[in-house]
There are 2 protein chains.
Amino acid sequence: MRPLFHPALEDIKPDAILYALSDPERVAIFAKLAGTACGGTCSALADLGDRVIPKSSLSNHFKVLRESGLIRSERQGVEMRNQTRCAELDERFPGLVRAILTAYGQLPEQMKTG
Amino acid sequence: MRPLFHPALEDIKPDAILYALSDPERVAIFAKLAGTACGGTCSALADLGDRVIPKSSLSNHFKVLRESGLIRSERQGVEMRNQTRCAELDERFPGLVRAILTAYGQLPEQMKTG
DNA sequence: TCAACAGTTCCGAATTTCTGAACTACGGAA
DNA sequence: TTCCGTAGTTCAGAAATTCGGAACTGTTGA
């Protein structure tokens, strides 16, 4: 398995962010992660209620989120911990992530204050 | 030629907005329109400096922008006047368009105040 | 060493995007 | 009215992207 690529903050491109978050499934995943203190695993996020995302698709969603700079993934034993890069992102693109999650009606409680 | 479709404000979907603005060419077009008081025509926006967009591609970009709810197009004689729906959009998705244009470094002067 | 599990990679099918060429719509000139 | 020029749309096929099942890799525990 190749090492996971994470762009440096200054290499994060807005088009990649928007593309990643133009898919409702990825937004749902990202919003759940943003509402989780410790990182969430892939499989814990596969169930969307109305449909279970196939794991190859899930893996791809995580790759898109990771390579756009939205999340950071780290192997922890047998599973992967994923967490958002919201704080960093807000520094580089002020208000962007918040406005997007708000538009989708998926801003998690934790992000409502501040 | 089919009549042009414009979604009603309440039918505008954030995923369509983000998708439309995940393409740097469309962002450039949209930003130029947002910085133009009277509506801009297709051909006036084709030149990106480093490349001239083929007109079938341009027409498609306008269609994507229009059907996502970002712009309104109206035939005026032989040409098409296009204008953004920024005011409406800001009502429905507060801060979204501004945050996106800012992230791209393309917020026009007109939108900097207010 | 083996089994179970989390997640990734591969690869073919389906979908989407791109763009040159043909076409439609409108306005002006004769 | 007819013809011409301009603005933009639609069509069609090639190229690129996305999707997801099956096979694979890496890790832990027995």
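Reminder, nothing fancy here: chain letters follow the sequence lines and each chain counts from 1. Just so we're clear, the structure is a prediction, and the values are computed from it rather than from any experiment.
Residue whose closest nucleotide on DNA chain D sits further toward the 5' end, between A/Asn60 and B/Asn82: B/Asn82. Of the two residues near DNA chain D, A/Lys55 and A/Glu25, the one whose nearest nucleotide lies more 5' is A/Glu25. Between A/Arg75 and A/Ser56, the residue anchored closer to the 5' end of DNA chain C is A/Arg75, taking for each the nucleotide with the nearest heavy atom.
Rounding to the nearest 0.5 angstrom, the gap separating the CD atom in B/Glu74 from the CZ atom in B/Arg66 is 12.0 Å. From A/Ile100, atom CD1 reaches atom CG of A/Leu18 across 5.5 Å, with rounding to the nearest 0.5 Å. Between the CD atom of B/Gln110 and the OG1 atom of B/Thr84 there is a distance of 10.0 Å, given to the nearest 0.5 Å.
Rounded to an integer number of Å, the gap from B/His61 NE2 to D/dA7 C1' is 17 Å. Following rounding to the nearest Å, B/Lys63 (NZ) and C/dT16 (C1') show an atom-to-atom distance of 12 Å. One can place CG of A/Leu58 at 18 Å from P of C/dC5, the figure rounded to the nearest angstrom. Straight-line distance from the CZ atom of A/Phe62 to the P atom of C/dA6: 13 Å, rounded to whole Å. Rounding to whole angstrom units, CD of residue A/Gln76 and C1' of D/dG26 are separated by 15 Å. In this structure, CE of B/Met80 is placed 9 Å from P of D/dT10, rounded to the nearest angstrom. A/Leu4 has its CG atom 9 Å from the C1' atom of C/dT8, to the nearest Å. Taking atom CZ of A/Arg81 as the reference point, atom P of D/dT27 lies 16 Å away to the nearest angstrom.
The phosphate of C/dC18 has neither OP1 nor OP2 within less than 4.0 Å of any side-chain N or O from B/Ser57.
No engagement by B/Arg26 is indicated, since no non-hydrogen atom pair under 4.0 Å with the nucleic acid exists. Within 4.0 Å (heavy atoms only), B/Ser43 reaches sugar-phosphate atoms of the nucleic acid but no base atom.
Side chain of B/Pro54, nearest nucleotide from C/dG7, C/dT19, C/dT8: C/dT19. When distances run from any side-chain atom of B/Thr41 to the nucleotides C/dT8, D/dG20, D/dG8, the shortest one goes to D/dG8. The nucleotide whose nearest atom lies closest to any side-chain atom of B/Tyr19 is, among D/dG8, C/dT17, C/dT8, C/dT17. Ranking C/dT8, D/dA7, D/dT27 by closeness to the A/Val78 side chain, first place goes to D/dT27.
A/Leu107 and B/Val97 fall within the same hydrophobic cluster, where Ile, Leu, Val, Met, Phe, Trp and Tyr residues are linked whenever their side-chain heavy atoms come under 4.5 Å apart, directly or through other members.
Closest approach of A/Thr41 to A/Arg81, counting heavy atoms only: CG2-NH1, 3.6 Å.
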